[in-house]
Amino acid sequence: MISKFFIDRPVFATVLSVLMTLLGVVTLLRLPVARYPEITPPTVRVTAQYLGASAEVVEQTVASPIEQQLNGVENMLYFDSKCTNDGRLTITVTFDVGTDLDIAAVQVQNRVALAEPQLPEEVRRQGINVRKQSTSLLLVIALESPDRAYDNLFLSNYTKINIRDKLARINGVGDVQLPGDREYGMRVWLKPDAIYKLGLTTTDIVAALREQNVQAAAGRIGQSPAPKGQEVEYTIRAEGRLKDPDSFQNIILRSNSDGSAVRIRDVARVELGAFDYSTFTRFDRKEAVLMLVYQLPGSNAVDVTRNVRAEMDALSHSFPNGVRYTMVYDTTDFVRASITEVVKTLGEAVVLVI
(Lines give C-alpha, C1' and ligand atoms only; values in the text may rest on other atoms or scores of the structure.)
Protein backbone atom coordinates (compact mmCIF):
# COMPACT_ATOMS: atom_id res chain seq x y z
CA MET A 1 0.00 0.00 0.00
CA ILE A 2 2.76 2.45 0.96
CA SER A 3 4.95 1.49 -2.01
CA LYS A 4 2.01 1.98 -4.40
CA PHE A 5 1.50 5.49 -2.99
CA PHE A 6 5.02 6.54 -3.95
CA ILE A 7 4.98 4.69 -7.26
CA ASP A 8 1.89 6.58 -8.34
CA ARG A 9 3.49 9.91 -7.28
CA PRO A 10 7.07 9.87 -8.70
CA VAL A 11 7.58 13.66 -8.36
CA PHE A 12 6.72 13.58 -4.67
CA ALA A 13 9.02 10.58 -4.14
CA THR A 14 11.85 12.33 -5.99
CA VAL A 15 11.52 15.53 -3.95
CA LEU A 16 11.38 13.55 -0.72
CA SER A 17 14.54 11.60 -1.60
CA VAL A 18 16.38 14.82 -2.49
CA LEU A 19 15.41 16.36 0.85
CA MET A 20 16.59 13.27 2.71
CA THR A 21 19.89 13.35 0.81
CA LEU A 22 20.45 17.03 1.62
CA LEU A 23 19.58 16.39 5.26
CA GLY A 24 22.12 13.55 5.35
CA VAL A 25 24.84 15.76 3.85
CA VAL A 26 24.20 18.51 6.40
CA THR A 27 24.24 15.97 9.22
CA LEU A 28 27.48 14.45 7.93
CA LEU A 29 29.24 17.82 8.05
CA ARG A 30 28.16 18.34 11.66
CA LEU A 31 29.09 14.93 12.99
CA PRO A 32 31.34 15.10 16.08
CA VAL A 33 34.92 13.91 15.70
CA ALA A 34 34.89 12.29 19.14
CA ARG A 35 31.88 10.22 20.06
CA TYR A 36 32.85 9.45 23.63
CA PRO A 37 33.86 11.82 26.46
CA GLU A 38 37.48 12.51 27.37
CA ILE A 39 39.16 9.60 29.13
CA THR A 40 42.67 11.06 29.30
CA PRO A 41 43.43 12.73 32.65
CA PRO A 42 44.10 16.47 32.27
CA THR A 43 47.60 17.69 33.11
CA VAL A 44 49.27 20.90 34.22
CA ARG A 45 53.00 21.38 33.64
CA VAL A 46 55.34 23.40 35.90
CA THR A 47 58.75 24.40 34.51
CA ALA A 48 61.67 26.23 36.12
CA GLN A 49 65.36 26.75 35.41
CA TYR A 50 68.38 27.06 37.69
CA LEU A 51 71.26 28.11 35.44
CA GLY A 52 74.53 26.32 36.08
CA ALA A 53 73.07 23.79 38.52
CA SER A 54 73.30 20.02 38.23
CA ALA A 55 70.31 17.70 38.34
CA GLU A 56 71.03 16.86 41.99
CA VAL A 57 71.16 20.53 43.01
CA VAL A 58 67.93 21.26 41.12
CA GLU A 59 66.23 18.36 42.85
CA GLN A 60 67.29 19.50 46.33
CA THR A 61 66.81 23.27 46.01
CA VAL A 62 63.95 23.64 43.50
CA ALA A 63 62.00 20.42 43.02
CA SER A 64 61.74 19.45 46.69
CA PRO A 65 60.12 22.72 47.95
CA ILE A 66 57.63 22.76 45.06
CA GLU A 67 56.73 19.09 45.49
CA GLN A 68 56.05 19.60 49.19
CA GLN A 69 53.53 22.32 48.40
CA LEU A 70 51.90 20.38 45.55
CA ASN A 71 50.98 17.50 47.83
CA GLY A 72 47.29 17.59 48.59
CA VAL A 73 46.06 19.60 45.61
CA GLU A 74 42.37 18.90 45.08
CA ASN A 75 41.57 16.11 42.57
CA MET A 76 45.28 15.47 41.91
CA LEU A 77 46.15 11.87 41.04
CA TYR A 78 49.95 12.12 40.97
CA PHE A 79 52.81 14.28 39.72
CA ASP A 80 56.02 13.41 37.89
CA SER A 81 59.23 15.43 38.30
CA LYS A 82 62.19 15.51 35.93
CA CYS A 83 65.49 17.30 36.67
CA THR A 84 68.25 17.61 34.07
CA ASN A 85 71.91 18.58 34.22
CA ASP A 86 71.28 21.81 32.32
CA GLY A 87 69.39 23.17 35.33
CA ARG A 88 65.84 22.55 34.09
CA LEU A 89 62.95 21.24 36.16
CA THR A 90 59.70 19.89 34.71
CA ILE A 91 56.83 18.77 36.93
CA THR A 92 53.75 17.26 35.27
CA VAL A 93 50.71 17.27 37.59
CA THR A 94 47.98 14.82 36.56
CA PHE A 95 44.39 15.33 37.72
CA ASP A 96 41.33 13.11 37.83
CA VAL A 97 39.21 12.76 34.68
CA GLY A 98 36.53 15.45 34.56
CA THR A 99 38.47 18.01 36.58
CA ASP A 100 38.11 21.61 35.41
CA LEU A 101 41.54 22.33 33.95
CA ASP A 102 41.30 26.08 34.55
CA ILE A 103 40.63 25.56 38.26
CA ALA A 104 43.41 22.96 38.43
CA ALA A 105 45.91 25.37 36.88
CA VAL A 106 44.96 28.08 39.38
CA GLN A 107 45.37 25.66 42.29
CA VAL A 108 48.82 24.59 41.05
CA GLN A 109 49.82 28.24 40.57
CA ASN A 110 48.79 29.05 44.15
CA ARG A 111 50.81 26.14 45.53
CA VAL A 112 53.88 27.13 43.50
CA ALA A 113 53.57 30.69 44.83
CA LEU A 114 53.77 29.30 48.38
CA ALA A 115 57.05 27.57 47.53
CA GLU A 116 58.70 30.56 45.82
CA PRO A 117 60.17 32.14 49.00
CA GLN A 118 62.15 28.92 49.55
CA LEU A 119 63.63 28.86 46.04
CA PRO A 120 67.02 30.32 45.04
CA GLU A 121 67.03 33.91 43.85
CA GLU A 122 68.25 32.90 40.37
CA VAL A 123 65.23 30.65 39.92
CA ARG A 124 62.77 33.35 41.02
CA ARG A 125 64.42 35.83 38.67
CA GLN A 126 64.01 33.47 35.70
CA GLY A 127 60.38 32.83 36.64
CA ILE A 128 58.32 29.67 37.10
CA ASN A 129 55.86 28.76 34.35
CA VAL A 130 52.57 26.98 35.02
CA ARG A 131 50.71 25.90 31.86
CA LYS A 132 47.78 23.75 30.84
CA GLN A 133 49.43 21.35 28.45
CA SER A 134 48.93 17.88 27.08
CA THR A 135 51.78 15.47 27.59
CA SER A 136 51.52 14.19 24.01
CA LEU A 137 53.48 15.90 21.26
CA LEU A 138 51.35 17.15 18.36
CA LEU A 139 53.75 18.66 15.81
CA VAL A 140 57.47 19.16 15.24
CA ILE A 141 58.40 21.99 12.88
CA ALA A 142 61.96 22.66 11.69
CA LEU A 143 63.14 26.10 10.61
CA GLU A 144 66.37 25.91 8.64
CA SER A 145 68.62 27.72 6.20
CA PRO A 146 69.54 25.20 3.45
CA ASP A 147 72.28 27.39 2.00
CA ARG A 148 73.53 28.19 5.54
CA ALA A 149 73.08 31.90 5.01
CA TYR A 150 71.94 32.20 8.65
CA ASP A 151 73.31 30.46 11.70
CA ASN A 152 71.35 28.82 14.49
CA LEU A 153 71.61 31.93 16.68
CA PHE A 154 69.76 34.07 14.13
CA LEU A 155 67.18 31.37 13.36
CA SER A 156 66.46 30.82 17.05
CA ASN A 157 65.86 34.50 17.77
CA TYR A 158 63.83 34.96 14.57
CA THR A 159 61.61 32.04 15.61
CA LYS A 160 61.15 33.36 19.13
CA ILE A 161 60.25 36.89 17.98
CA ASN A 162 58.22 36.27 14.83
CA ILE A 163 56.80 32.73 14.94
CA ARG A 164 56.52 31.27 18.43
CA ASP A 165 54.04 33.76 19.88
CA LYS A 166 51.77 33.59 16.83
CA LEU A 167 51.60 29.81 17.00
CA ALA A 168 50.97 29.90 20.75
CA ARG A 169 47.93 32.16 20.19
CA ILE A 170 46.21 29.57 17.96
CA ASN A 171 43.15 28.09 19.62
CA GLY A 172 43.98 24.62 20.94
CA VAL A 173 47.76 25.05 21.20
CA GLY A 174 48.97 24.42 24.75
CA ASP A 175 52.62 25.39 24.35
CA VAL A 176 55.36 25.84 21.77
CA GLN A 177 58.78 24.81 23.02
CA LEU A 178 62.16 25.53 21.43
CA PRO A 179 64.71 22.93 22.55
CA GLY A 180 68.21 24.29 22.18
CA ASP A 181 66.94 27.88 22.31
CA ARG A 182 69.77 30.28 21.41
CA GLU A 183 68.41 33.56 22.71
CA TYR A 184 70.77 36.53 22.37
CA GLY A 185 72.77 37.22 25.50
CA MET A 186 75.81 39.26 26.54
CA ARG A 187 78.56 36.78 27.39
CA VAL A 188 81.21 37.79 29.93
CA TRP A 189 84.12 35.33 29.77
CA LEU A 190 86.18 35.74 32.94
CA LYS A 191 89.97 35.41 33.18
CA PRO A 192 90.67 33.55 36.45
CA ASP A 193 94.34 34.59 36.66
CA ALA A 194 93.51 38.30 36.23
CA ILE A 195 90.73 38.10 38.83
CA TYR A 196 93.10 36.46 41.33
CA LYS A 197 95.86 39.03 40.81
CA LEU A 198 93.49 41.96 41.34
CA GLY A 199 91.94 40.43 44.46
CA LEU A 200 88.42 40.22 43.02
CA THR A 201 85.76 37.52 43.10
CA THR A 202 82.97 36.51 40.76
CA THR A 203 80.50 37.90 43.30
CA ASP A 204 82.10 41.36 42.93
CA ILE A 205 81.74 41.20 39.15
CA VAL A 206 78.10 40.06 39.27
CA ALA A 207 77.27 42.80 41.77
CA ALA A 208 78.87 45.46 39.54
CA LEU A 209 76.93 44.23 36.51
CA ARG A 210 73.63 44.41 38.39
CA GLU A 211 74.31 47.85 39.86
CA GLN A 212 75.51 49.56 36.68
CA ASN A 213 73.27 47.87 34.11
CA VAL A 214 69.89 49.21 35.22
CA GLN A 215 67.12 51.33 33.80
CA ALA A 216 66.85 54.19 36.32
CA ALA A 217 64.46 57.14 36.50
CA ALA A 218 66.69 60.24 36.59
CA GLY A 219 63.89 62.66 37.56
CA ARG A 220 62.96 66.14 36.34
CA ILE A 221 64.26 69.70 36.47
CA GLY A 222 61.86 72.48 37.34
CA GLN A 223 59.14 70.20 38.68
CA SER A 224 56.59 71.72 41.05
CA PRO A 225 56.94 73.15 43.60
CA ALA A 226 59.44 75.31 41.72
CA PRO A 227 60.87 78.79 42.45
CA LYS A 228 58.93 81.77 41.24
CA GLY A 229 59.63 82.49 37.59
CA GLN A 230 60.36 78.87 36.68
CA GLU A 231 58.30 78.25 33.57
CA VAL A 232 60.00 75.28 31.92
CA GLU A 233 60.10 71.68 33.15
CA TYR A 234 62.64 69.20 31.77
CA THR A 235 62.64 65.40 31.96
CA ILE A 236 66.10 63.96 32.42
CA ARG A 237 66.95 60.97 30.26
CA ALA A 238 69.90 58.97 31.57
CA GLU A 239 71.62 56.07 29.87
CA GLY A 240 69.82 52.92 30.92
CA ARG A 241 70.55 49.31 30.18
CA LEU A 242 73.74 48.73 28.22
CA LYS A 243 73.35 47.47 24.67
CA ASP A 244 76.79 46.65 23.22
CA PRO A 245 79.96 44.83 24.37
CA ASP A 246 82.00 48.04 24.60
CA SER A 247 79.59 49.47 27.17
CA PHE A 248 79.85 46.33 29.29
CA GLN A 249 83.63 46.36 29.08
CA ASN A 250 83.71 49.85 30.63
CA ILE A 251 81.80 48.85 33.76
CA ILE A 252 83.89 49.82 36.81
CA LEU A 253 84.64 47.05 39.26
CA ARG A 254 86.80 49.00 41.68
CA SER A 255 88.09 52.58 42.03
CA ASN A 256 91.62 53.02 43.44
CA SER A 257 92.85 55.85 45.61
CA ASP A 258 95.21 57.12 42.87
CA GLY A 259 92.28 57.75 40.54
CA SER A 260 92.66 54.61 38.45
CA ALA A 261 89.90 52.04 38.07
CA VAL A 262 89.55 48.36 37.38
CA ARG A 263 87.04 47.65 34.60
CA ILE A 264 85.41 44.56 33.17
CA ARG A 265 87.78 44.56 30.20
CA ASP A 266 90.72 44.09 32.59
CA VAL A 267 89.42 40.75 33.89
CA ALA A 268 87.09 39.43 31.18
CA ARG A 269 86.24 39.27 27.51
CA VAL A 270 82.74 40.46 26.51
CA GLU A 271 80.87 39.39 23.39
CA LEU A 272 77.32 39.20 22.10
CA GLY A 273 76.43 35.52 21.78
CA ALA A 274 73.85 32.98 22.84
CA PHE A 275 72.32 32.92 26.30
CA ASP A 276 72.83 29.16 26.59
CA TYR A 277 75.07 26.74 24.69
CA SER A 278 74.21 23.58 26.61
CA THR A 279 71.90 22.11 23.94
CA PHE A 280 71.60 22.26 20.17
CA THR A 281 69.27 20.90 17.47
CA ARG A 282 69.88 19.67 13.93
CA PHE A 283 67.68 18.60 11.05
CA ASP A 284 69.03 16.60 8.13
CA ARG A 285 72.57 17.06 9.54
CA LYS A 286 72.26 20.86 9.40
CA GLU A 287 71.72 23.47 12.08
CA ALA A 288 68.02 24.10 12.54
CA VAL A 289 65.50 25.32 15.08
CA LEU A 290 62.89 22.78 16.16
CA MET A 291 59.49 23.92 17.39
CA LEU A 292 57.62 21.38 19.53
CA VAL A 293 53.88 22.10 19.43
CA TYR A 294 51.81 20.62 22.26
CA GLN A 295 48.06 20.31 22.23
CA LEU A 296 45.75 21.88 24.78
CA PRO A 297 43.79 19.16 26.63
CA GLY A 298 40.28 18.76 25.21
CA SER A 299 41.02 20.42 21.85
CA ASN A 300 40.59 18.89 18.41
CA ALA A 301 44.00 17.73 17.18
CA VAL A 302 42.98 17.77 13.50
CA ASP A 303 41.70 21.36 13.67
CA VAL A 304 44.75 22.52 15.63
CA THR A 305 47.12 20.96 13.10
CA ARG A 306 45.22 22.50 10.19
CA ASN A 307 45.36 25.95 11.78
CA VAL A 308 49.07 25.63 12.58
CA ARG A 309 49.85 24.62 9.00
CA ALA A 310 47.83 27.55 7.65
CA GLU A 311 49.62 29.97 9.98
CA MET A 312 53.05 28.65 8.98
CA ASP A 313 52.14 28.98 5.30
CA ALA A 314 51.14 32.60 5.89
CA LEU A 315 54.29 33.37 7.88
CA SER A 316 56.57 31.74 5.30
CA HIS A 317 55.85 34.57 2.84
CA SER A 318 57.75 36.98 5.11
CA PHE A 319 60.72 34.68 5.84
CA PRO A 320 64.16 36.06 4.93
CA ASN A 321 65.63 34.74 1.70
CA GLY A 322 67.28 31.38 2.33
CA VAL A 323 64.99 30.35 5.22
CA ARG A 324 62.32 27.66 5.00
CA TYR A 325 60.29 25.44 7.29
CA THR A 326 59.54 21.71 7.21
CA MET A 327 56.88 19.69 9.00
CA VAL A 328 59.09 17.02 10.54
CA TYR A 329 56.49 15.14 12.58
CA ASP A 330 52.68 15.19 12.57
CA THR A 331 50.67 12.90 14.82
CA THR A 332 47.43 13.56 12.90
CA ASP A 333 48.55 12.00 9.60
CA PHE A 334 46.94 8.70 10.57
CA VAL A 335 43.74 10.43 11.72
CA ARG A 336 43.40 12.37 8.46
CA ALA A 337 44.07 9.23 6.43
CA SER A 338 41.37 7.39 8.39
CA ILE A 339 38.85 10.21 7.81
CA THR A 340 39.66 10.19 4.09
CA GLU A 341 39.02 6.46 3.87
CA VAL A 342 35.71 6.82 5.73
CA VAL A 343 34.54 9.55 3.34
CA LYS A 344 35.67 7.44 0.39
CA THR A 345 33.72 4.45 1.68
CA LEU A 346 30.58 6.57 2.19
CA GLY A 347 30.89 7.91 -1.35
CA GLU A 348 31.19 4.43 -2.80
CA ALA A 349 28.14 3.31 -0.80
CA VAL A 350 26.08 6.25 -2.08
CA VAL A 351 27.06 5.49 -5.69
CA LEU A 352 26.17 1.83 -5.29
CA VAL A 353 22.79 2.66 -3.73
CA ILE A 354 21.95 5.16 -6.47
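Predicted model only: the values in this text are computed from it and were never measured. Excluded from the calculations below are hydrogen atoms, water molecules and symmetry mates; all remaining heavy atoms, backbone and side chain alike, are included.
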Practice item. Starting at CZ of Arg263, measure out to CZ of Arg254 and round the result to the nearest 0.5 Å. Key: 13.5 Å

Check your understanding: Just by distance, do the side chain of Asn162 and the backbone of Tyr158 share a donor-acceptor pair under 3.5 Å?
Key -> yes

Check your understanding: If you round to the nearest 0.5 Å, how far is OG of Ser247 from CD1 of Ile264?
Key -> 12.5 Å

Check your understanding: Between Met186 and Ile205, is there a shared hydrophobic cluster once you connect ILVMFWY residues whose side-chain heavy atoms come closer than 4.5 Å?
Key -> yes

Exercise for review: Please check if Tyr150 and Tyr325 belong to a single hydrophobic cluster, counting links between Ile, Leu, Val, Met, Phe, Trp and Tyr side chain heavy atoms closer than 4.5 Å.
Suggested key: yes

Review point. Where is the tightest heavy-atom contact between Leu89 and Cys83, given as atom of each residue plus distance?
Key: CD1-SG, 3.6 Å

Exercise for review: Indicate yes or no for a side-chain donor-acceptor contact from Asn307 to the backbone of Val304 under 3.5 Å, with no hydrogens or angles considered.
Suggested key: no

Check your understanding: Do the non-hydrogen side-chain atoms of Val106 and Gln109 ever get within less than 4.5 Å of each other?
Key -> no

Exercise for review: For Ser338 and Phe334, indicate whether the former's side chain and the latter's backbone hold a donor-acceptor pair under 3.5 Å.
Suggested key: yes

Practice item. For Asn171, look at atom CG and say whether over 12 heavy atoms of other residues, nucleotides or ligands are found less than 6.0 Å away. Key: no

Check your understanding: If you round to the nearest 0.5 Å, how far is CZ of Arg265 from NZ of Lys191?
Key -> 11.0 Å

Check your understanding: Quick one: CG on Leu16 to CG on Leu19, what's the gap to the nearest 0.5 Å?
Key -> 6.5 Å

Point to revise | Check: Asp151 side chain, Phe154 main-chain N or O, donor-acceptor pair, under 3.5 Å | key: yes

Review point. Is any side-chain heavy atom of Ile195 closer than 4.5 Å to a side-chain heavy atom of Thr201?
Key: no

Check your understanding: Within a radius of less than 6.0 Å around CZ of Arg125, do more than 12 heavy atoms belonging to other residues, nucleotides or ligands occur?
Key -> yes

Exercise for review: Ignoring hydrogens and angles, tell me if any N or O in the side chain of Thr99 forms a donor-acceptor pair with the backbone of Phe95 under 3.5 Å.
Suggested key: no

Review point. Between the main-chain N or O of Leu242 and the side-chain N or O of Asn213, is there a donor-acceptor pair closer than 3.5 Å?
Key: yes

**Study point:** Heavy-atom side-chain contact between Lys344 and Glu341 under 4.5 Å
**Key:** yes

Point to revise | Step-by-step side-chain contact (heavy atoms from CB on, under 4.5 Å) determination, Leu139 to Thr331 | key: CA-CA 7 Å; Leu139 290 170; Thr331 59; over 6 Å; no

Practice item. Answer with yes or no whether the hydrophobic clustering places Val262 together with Ile251; edges join I, L, V, M, F, W, Y residues whose side-chain heavy atoms lie under 4.5 Å apart. Key: yes

**Study point:** Crowding at CG, Asp313 (>12 non-hydrogen neighbours, <6.0 Å)
**Key:** yes

**Study point:** Side chains of Thr202 and Asp204, donor plus acceptor under 3.5 Å
**Key:** no

Check your understanding: Ignoring hydrogens and geometry, is there a side-chain-to-backbone donor-acceptor pair from Asp284 to Lys286 under 3.5 Å?
Key -> no

Exercise for review: Check the hydrophobic clustering (I, L, V, M, F, W, Y; side-chain heavy atoms under 4.5 Å; chains of links allowed) and say if Val293 and Val302 are grouped together.
Suggested key: no

**Study point:** Heavy atoms of other groups near Tyr196 OH, more than 12 under 6.0 Å
**Key:** no

Practice item. Could you go through the salt bridge (Lys or Arg N to Asp or Glu O under 4.0 Å) check for Asp165 and Lys160 one step at a time? Key: CA-CA 7 Å; Asp165 293 340; Lys160 194 169 186 179; over 6 Å; no

Exercise for review: List the steps, then state whether side-chain contact (heavy atoms from CB on, under 4.5 Å) holds for Met291 with Arg164.
Suggested key: CA-CA 8 Å; Met291 291 172 279; Arg164 179 183 180 181; 5.8 Å; no

Point to revise | Derivation of the side-chain contact (heavy atoms from CB on, under 4.5 Å) call for Val343 and Leu346 | key: CA-CA 5 Å; Val343 173; Leu346 288 177; 5.6 Å; no

**Study point:** Pairwise side-chain contact, Leu101 with Val44, heavy-atom cut-off 4.5 Å (strictly under)
**Key:** yes

Point to revise | Over all atoms of both residues, closest heavy-atom pair of Gly322 and Asp147 | key: O-OD1, 3.6 Å

Check your understanding: Does Thr94 offer a backbone N or O that forms a donor-acceptor pair with the side chain of Thr43 under 3.5 Å?
Key -> no

Practice item. Would you mind reporting whether Arg45 and Thr90 have side-chain heavy atoms less than 4.5 Å apart? Key: yes

Check your understanding: Would a 4.5 Å heavy-atom cut-off, applied to side chains only, mark Glu144 and Glu287 as touching?
Key -> no

Practice item. Count the heavy atoms belonging to other residues, nucleotides or ligands that lie under 6.0 Å from CD of Glu348, then report whether that count exceeds 12. Key: yes

Practice item. Test the Arg131-Tyr294 pair against the cation-pi criterion, namely NZ or CZ under 6.0 angstrom from the six-membered ring centroid and within 45° of the ring axis. Key: no

Exercise for review: Specify the closest pair of heavy atoms between Arg282 and Arg285, including all atoms of both residues, with the distance to one decimal.
Suggested key: NH1-O, 4.3 Å

**Study point:** Closest non-hydrogen atom pair, Ile66 against Ala115
**Key:** CA-CB, 3.9 Å

Exercise for review: Provide the closest heavy-atom pair for Gln118 versus Leu114 in the form atom of the first, atom of the second, distance.
Suggested key: NE2-O, 4.3 Å

Study note, to complete from the structure: To the nearest 0.5 Å, atom CZ of Arg111 lies from atom CD of Glu67 at 14.0 Å

Point to revise | Qualifying residue for side-chain contact (heavy atoms from CB on, under 4.5 Å) with Thr332, from Ile339, Thr305, Asp303, Asn300 | key: Thr305

Practice item. Would you kindly say whether Asn256 and Ser260 are connected by a side-chain donor-acceptor distance under 3.5 Å? Key: yes

Check your understanding: Hey, is the main chain of Gly174 close enough, under 3.5 Å, to the side chain of Gln295 for a donor-acceptor pair?
Key -> no

Exercise for review: Using the salt bridge (Lys or Arg N to Asp or Glu O under 4.0 Å) rule, take Glu122 and Arg124 through it: C-alpha gap first, then chi angles, then the decisive distance, then the call.
Suggested key: CA-CA 6 Å; Glu122 291 79 4; Arg124 297 198 302 268; over 6 Å; no

Study note, to complete from the structure: Scanning both residues in full, the closest heavy-atom pair of Ala194 with Asp266 reads CB-O, 3.7 Å

Check your understanding: Given the rule that I, L, V, M, F, W and Y join up when any side-chain heavy atoms are under 4.5 Å apart, are Met312 and Leu292 in one cluster?
Key -> no

Exercise for review: Taking Asp96 for its side chain and Leu77 for its backbone only, find out whether a donor-acceptor pair lies under 3.5 Å.
Suggested key: no

Review point. Given side chains that start at C-beta, do those of Val188 and Leu190 come closer than 4.5 Å, heavy atoms only?
Key: yes

Check your understanding: Step by step, would you call Gln212 with Ile252 a side-chain contact (heavy atoms from CB on, under 4.5 Å)?
Key -> CA-CA 8 Å; Gln212 301 180 43; Ile252 298 176; 4.3 Å; yes

Check your understanding: Around Lys82, counting heavy atoms of other residues, nucleotides and ligands shown, do more than 12 lie under 6.0 Å from its NZ?
Key -> no

Review point. Looking just at side-chain N and O atoms, do Glu59 and Ser64 make a donor-acceptor pair shorter than 3.5 Å?
Key: no

Exercise for review: Report yes if the side chains of Leu70 and Ile91 come closer than 4.5 Å at any heavy-atom pair, otherwise no.
Suggested key: yes

Revision key, fill the gap. d(Phe319 CZ, Leu155 CG) to nearest 0.5 Å is 10.0 Å

Check your understanding: Just one of Val108, Val46, Asn71 clears the side-chain contact (heavy atoms from CB on, under 4.5 Å) bar with Phe79, so which one?
Key -> Asn71

